[in-house]
Amino acid sequence: MNLQQNSKTNVMVSSRSMSTLSTFENVLKEQQNIDLVTHHLVNGTVDPLKGVTAVPDLLIMELGSDWQQELAAVSSRPAHARPAIIAVSTEDNTRIMRTAMQAGVRDFFTHPLPVQELLESVNTLANEAYMNDANHNGQVTAIINAKGGSGASFITANVGDILSSAMQHKTALFDLDLQFGTLPLYLDLNPEYTLLDALDVTDELDGIALEGFMSKHHSGLHVLSSMSDNLGMPWEIPEANMAYILDIAKQQYQNIIVDLPRQIDPLTSCIIEHADIVFIVIQQSLTHLRDARRLMQILTNEIGMPTNQIKIIINRYNEKNAITLSDIKQTIKNDDMFTIQNDYKRVSESINSGQPLREIAKSAAITDSLNRIAYQITGNHNMESHGVLRKAVSYLFN
Ligand SMILES: Nc1ncnc2c1ncn2[C@@H]1O[C@H](COP(=O)(O)OP(=O)(O)OP(=O)(O)O)[C@@H](O)[C@H]1O
Ligand SMILES: [Mg+2]
């Protein structure tokens, strides 16, 4: 069982103003993928990294009246000791911006800060730093339905799209439904190669070669599909080869999301053993509940998955249904629940056109529910569209 979560990105915020530092702390504290330190610049210090022994992956520096010397100080550092930099200025001044860009600053913001854009920029640079770290270890998420047709594949395709396009995480989807895989269909892809092709050449496989077997979606998402003329049987695939491909993928991607068929065999067990999170997708019916409870028992008792790594998704959720959320919590004995609206019209349009929901219904409630699952996977809870938080934070920055 892989209990190791994504390693964190070290972010330092430097400023002469204590209130700016505490505001940044408030904004970034929910970002579980970030370790934040603040550096209060005092007196005549112009180098925000002066005396800093552990150079951060990302520096957010607020420029003061000595902005020229401050930028010169960071740009004069040797490349290996220079973090990615976001500069923040009180003045909307083209000269400052140009000098900052020449000093290698990756992004530039002026007060009042656009909080959402700032968070997106921090996450993009944090993702880059994560991928540049030679020791990074991607996170594996398995999505499995408790009953056929619950919506696991649709959710996998859409969460993958959100991770790639909105969150800019380098993400791969693995379709483990060897006989009835639907991921390429939901994303309008025509796979040239499949998982079985990759498994055939495991001995020669490295990260770059593995990417060659993936179908590329325009969102940046990579999909290792399973459907081929050569019908694969799970028991024909050596688990060791599957484990090896997962290990390579963890070096190559930040997130690997696996669409698992509802059957526990050596192959699916191997994926679950490697998974950091397993989502079980159910709908509100007694048979779903019975099967979800059974699946939970198999995952925890037989495969040894810790309960806190298992989350439940109630798809096509209807609050008027006789089976309530608390009934489900009690029956399955799991409090970690996500709900996804029943939205036949938008889901059908998405599937029929092969366009993810984010492309055709970005602001719909169902898309927001899928965003929440992506946030759960990445730990970026602050990116949630909490209007209240955004308003509070922009007020603080104004
Ligand atoms: N939230 C939703 N609202 C409305 N319809 C949905 C929703 N989610 C899924 N569906 C419908 O359910 C069908 C089955 O979804 P999907 O293929 O994702 O299920 P699955 O759990 O992967 O099934 P399988 O057992 O075949 O692998 C889809 O074709 C879609 O029409
Ligand atoms: Mg499916």
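The figures here come from the full heavy-atom set of this structure, side chains too, leaving out hydrogens, waters and symmetry mates. None of the values given here were measured: they were computed from a predicted structure.
- Donor-acceptor pairing under 3.5 Å is recorded for the side chains of D265 and T268.
- Scored by the salt bridge (Lys or Arg N to Asp or Glu O under 4.0 Å) test, R358 finds no partners at all (sequence neighbours excluded).
- Residue K362 places its NZ atom among 12 or fewer non-hydrogen atoms of other residues, nucleotides or ligands, all under 6.0 Å distant.
- T38 is linked by a side chain to side chain donor-acceptor pair (under 3.5 Å) to nothing, counting only residues two or more places apart in sequence or in another chain.
- D327 and T324 are linked by a side-chain donor-acceptor pair at a separation below 3.5 angstrom, with hydrogens and angles left out of the test.
- Crowding of R77 atom CZ: a count of heavy atoms from other residues, nucleotides or ligands under 6.0 Å exceeding 12.
- Listed by chain and residue number, R346, A361, I366, T367 satisfy the side-chain contact (heavy atoms from CB on, under 4.5 Å) test with A364 (two or more places apart in sequence, or in another chain).
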Quiz: residues 44-51 side-chain donor-acceptor pairs under 3.5 angstrom, not counting sequence neighbours:
from	atom 1	to	atom 2	distance (Å)
T45	OG1	V42	O	2.8
D47	OD1	L49	N	2.9

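- Under the salt bridge (Lys or Arg N to Asp or Glu O under 4.0 Å) criterion, no residue pair touches residues 91-103, with sequence neighbours excluded.
- Between the side chains of H218 and E359, at least one donor N or O sits under 3.5 Å from an acceptor N or O.
- Residues satisfying the side-chain contact (heavy atoms from CB on, under 4.5 Å) test with A209, not counting sequence neighbours, are L205, D206.
- At least one side-chain heavy atom of L28 sits under 4.5 Å from a side-chain heavy atom of I60.
- The side-chain contact (heavy atoms from CB on, under 4.5 Å) check on A100 picks up L71, V105, F108, with sequence neighbours excluded.
- Contact check for N334 versus I280: no side-chain heavy atoms found under the 4.5 Å cut-off.
- Counting only heavy atoms from C-beta outward, the side chains of S350 and L357 approach each other to under 4.5 Å.
- A pairwise comparison of heavy atoms in S153 and L183 identifies O-CD2, 3.5 Å as the closest pair.
- The side chain to side chain donor-acceptor pair (under 3.5 Å) check on D336 picks up K311, with sequence neighbours excluded.
- Partners of T287 according to the side-chain contact (heavy atoms from CB on, under 4.5 Å) rule, which considers only residues two or more places apart in sequence or in another chain, are K147, S285.
- Under the side chain to side chain donor-acceptor pair (under 3.5 Å) criterion, Q284 pairs with no residue, sequence neighbours left out.
- You'll find the side chain of I277 reaches within 4.5 Å of the side chain of Q139, heavy atoms only.
- Taking the six-membered ring where the residue is Trp, Y130 and H136 present tilted rings, their angle falling between 30° and 60°.
- With a 4.5 Å cut-off on side-chain heavy atoms, S226 and L176 do not count as touching.
- By the side chain to side chain donor-acceptor pair (under 3.5 Å) test, T331 is found to be paired with no residue, residues two or more places apart in sequence or in another chain being considered.
- The list of ring-ring contact (aromatic ring centres under 6.0 Å, His included) pairs with a residue in residues 313-343, not counting sequence neighbours, reads F279-F338.
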